[in-house]
Amino acid sequence: MREGIPTCISHLASFIFEVFMDDFLARFNEQEQQRHQKTIRLRERGVNPYPLRATRTHTARQTIDAFTRGENLSGVKLVGRLVALRDMGKLSFAHIQDGSAKIQLMFRKDAVGADNYAMLLKDFDLGDFIGAEGDVVRTKTGEITLQVARFELLAKTLSPLPEKWHGLKDTETRYRQRYLDLLSNEQAREIFAKRSKIVTAMRKYLDERGFVEVETPVLQPLYGGGAAEPFVTHHNKLDRDMYLRIADELYLKRLLVGGIERVYEISKDFRNEGIDFKHNPEFTMMECYQAYGDYTTMMTLVEELYAACALAANGTLQITYQGHAIDLTPPWPRATMRDLILKMSGVDIYADADLPSLERRVEELNLKIERQRTWGKTVDELFSAFVEPTLIQPTFVMDYPEEISPFAKKKPDTLRARVVERFEAFSLNMELGNAFTELNDPLDQYARFMEQAELRNAGDKEAHPIDLDFVEALMHGMPPTGGLGVGVDRMVMLLTDQSSIREVILFPQLRT
RNA sequence: GGGGCGGUAGCUCAAUUGGCAGAGCAACAGCCUUUUAAGCUGUGGGUUCAGGGUUCGAUUCCCUGCCGCCUCACCA
């Protein structure tokens, strides 16, 4: 009697399971129903549609390379996804795709046995993972082919895959079900393979120059290091709001105070802003800092870094981006923001070094730009409107307004203009990098925070919050330092010729 | 947030002025021992994004919503 209770419960459980399962199966489309029936048939004849293990002796690529070298290949075991099957009657050709390449298989009815041959044609589907063993031969048309002696199912696929010829085009499905994009579109696989090579090359470049890779907090009590709105989250036990980082800067510079002379981090930053073809709410940033360097040190570093990554991805420094030929060969041209703005708009920002006179000048010249709150933002607006679109080849733009650069050191000899040692590199309206001669004067840093606080009070949501903990770190002494930030996604876009950031992020943010 | 374009079979795409919702691939049943998007014969498959409206009749016209793309604005 006591034993009856668990039995009863287990019957109930299996009953509930079947109800849910029936409901689930009922939602299958025609082809999924058919494939499910095949799975049942396979089980009935003793074939496990999802065996625990697979063995292989060669990848497709290794097989093709070895055969091409003239090796005699027998007893080769290949695995992969069945992507094409051409039934000729007593003979069938198939292609399987593994992680390395596509390779043809030949199934002969007399070689594999009538029953097995019938099972292949009746119960195997495109998309299934299979394993096959046999000798490698060349067919009449010259294609390197595995002549199959034995084969097995490695994993049954229930849903049909996108069409072989056109692939998957629907952008929404491509992003939401990236696996379908990857398995049906060669180009998608190439982009992410290149992305991996680029990041590897970046690490190699930095590691070889003595930079130490570190990890700093993503979850922060106070965000900072850039001008952006953060994501806010909440820690329940501490009962306090926390922020997802918008930049790594302030933590990395604390490490310079701690004596790490060269440091970098490649990591996700999060910004609570609009989503478009060049902005994803989470994106990958590389930041690095070099003690006893300055922004000119970082210019050399960034152009070499791009060169190293371009070579790793494409084997060349001559790239094409959206129809424009770009030459990444160092050194890149350098120009001050002042000279570029003067040339393109006729405004000398050093002569009109405060907001009222700059606005008067803009009005005199009848320049159409949005009104800004500060001199620095107006300068930036002039730059964006008149200079940035003209920069096709990679160009260093040097010496930015202090008001939009709260962590960069002041530049001497700029007349009355408040300018700092900062550069951004631009090409085709893309920012390739952003670097400063880092501010290490704690009192100046405090003053900058106060200035940001005023902007904040005036309603600028992106003004930087005060970080006294960081000021305290600077009070303990930070060496003169050059610092650099590079948007990794943007770099990958440039080096893979993609116009949308969503093409270089595996799972980009879409509306939920 | 503004403007424009789009959402049709598992996938890629058609559908005339508002008049039976189609093709190729995939699937299913066959034929075929050297194919390469194999070929041939036959068959099945639709909440036309969702909801409402106009109409004898809506994939088509109108409204609302959802989603995507482009663009402008915002934004490193």
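Residue numbers begin at 1 in each chain, while the letters A, B, ... track the order of the sequences. Quick caveat, the model's predicted, so the values are computed rather than measured.
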For nucleotides 3-10 of chain B, give me every protein contact, N/O to N/O, under 3.5 Å, one pair per line with atom names.
none

Nearest to the A:Lys164 side chain among B:G68, B:A29, B:A38, which nucleotide is it?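 Nearest nucleotide to the side chain: B:A38.
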Ignoring hydrogens and geometry beyond distance, is the side chain of A:His166 in donor-acceptor contact with the base of B:C11 at under 3.5 Å?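 Check fails, no donor-acceptor contact within cut-off.
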Check [Y] with [X], please: is the shortest side-chain N to carboxylate O separation under 4.0 Å?
| X | Y | result |
| --- | --- | --- |
| A:Asp181 | A:Arg174 | yes |
| A:Lys102 | A:Glu186 | no |
| A:Asp444 | A:Arg448 | yes |
| A:Lys377 | A:Asp460 | yes |
| A:Arg150 | A:Glu133 | yes |
| A:Lys278 | A:Asp489 | no |

Return the value, rounded to whole Å, for the distance between atom [atom1] of [X] and atom [atom2] of [N].
| X | N | atom1 | atom2 | value |
| --- | --- | --- | --- | --- |
| A:Arg176 | B:C49 | CZ | P | 17 Å |
| A:Ile275 | B:G1 | CD1 | C1' | 14 Å |
| A:Leu126 | B:C25 | CG | P | 13 Å |
| A:Lys169 | B:C69 | NZ | C1' | 15 Å |
| A:Tyr117 | B:C32 | OH | P | 10 Å |
| A:Glu431 | B:C75 | CD | C1' | 12 Å |
| A:Leu121 | B:C31 | CG | C1' | 13 Å |

Is A:Arg371 atom CZ crowded by more than 12 heavy atoms from other residues, nucleotides or ligands, each under 6.0 Å away?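 Counting other residues, nucleotides and ligands, CZ of A:Arg371 stays at 12 neighbours or fewer.
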Considering every strand and a 4.0 Å limit on heavy-atom distances, what is the contact class for [X]: base, sugar-phosphate, or nothing?
| X | answer |
| --- | --- |
| A:Gly226 | nothing |
| A:Lys38 | sugar-phosphate |
| A:Glu370 | sugar-phosphate |
| A:Asp87 | base |
| A:Leu180 | nothing |
| A:Lys122 | sugar-phosphate |
| A:Arg35 | nothing |
| A:Arg490 | nothing |

Close approaches to RNA chain B from residues 448-461 of chain A, in residue order (heavy atom, under 4.0 Å):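 Heavy-atom contacts with RNA chain B come from no residue of residues 448-461 of chain A; none.
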Pairs under 3.5 angstrom, nitrogen or oxygen only, protein versus nucleotides 33-35 of chain B, please.
| unit_1 | atom_1 | unit_2 | atom_2 | d |
| --- | --- | --- | --- | --- |
| B:U33 | OP2 | A:Lys90 | N | 3.2 |
| B:U33 | O4 | A:Asp110 | OD2 | 3.0 |
| B:U34 | O2 | A:Lys140 | N | 3.2 |
| B:U35 | O2' | A:Arg86 | NE | 3.2 |
| B:U35 | O2 | A:Arg86 | NE | 2.8 |
| B:U35 | O2 | A:Arg86 | NH2 | 2.7 |
| B:U35 | O2 | A:Gln104 | OE1 | 3.2 |
| B:U35 | N3 | A:Gln104 | OE1 | 2.9 |
| B:U35 | N3 | A:Gln104 | NE2 | 3.1 |
| B:U35 | O4 | A:Gln104 | NE2 | 2.8 |
| B:U35 | O4 | A:Thr139 | OG1 | 2.7 |
| B:U35 | O4 | A:Thr141 | OG1 | 3.4 |

Option from A:Arg195, A:Met493, A:Arg178 for which side chain to side chain contact (heavy atoms under 4.5 Å, CB included) with A:Ile505 holds: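 Only one of A:Arg195, A:Met493, A:Arg178 forms a side chain to side chain contact (heavy atoms under 4.5 Å, CB included) with A:Ile505, namely A:Arg195.
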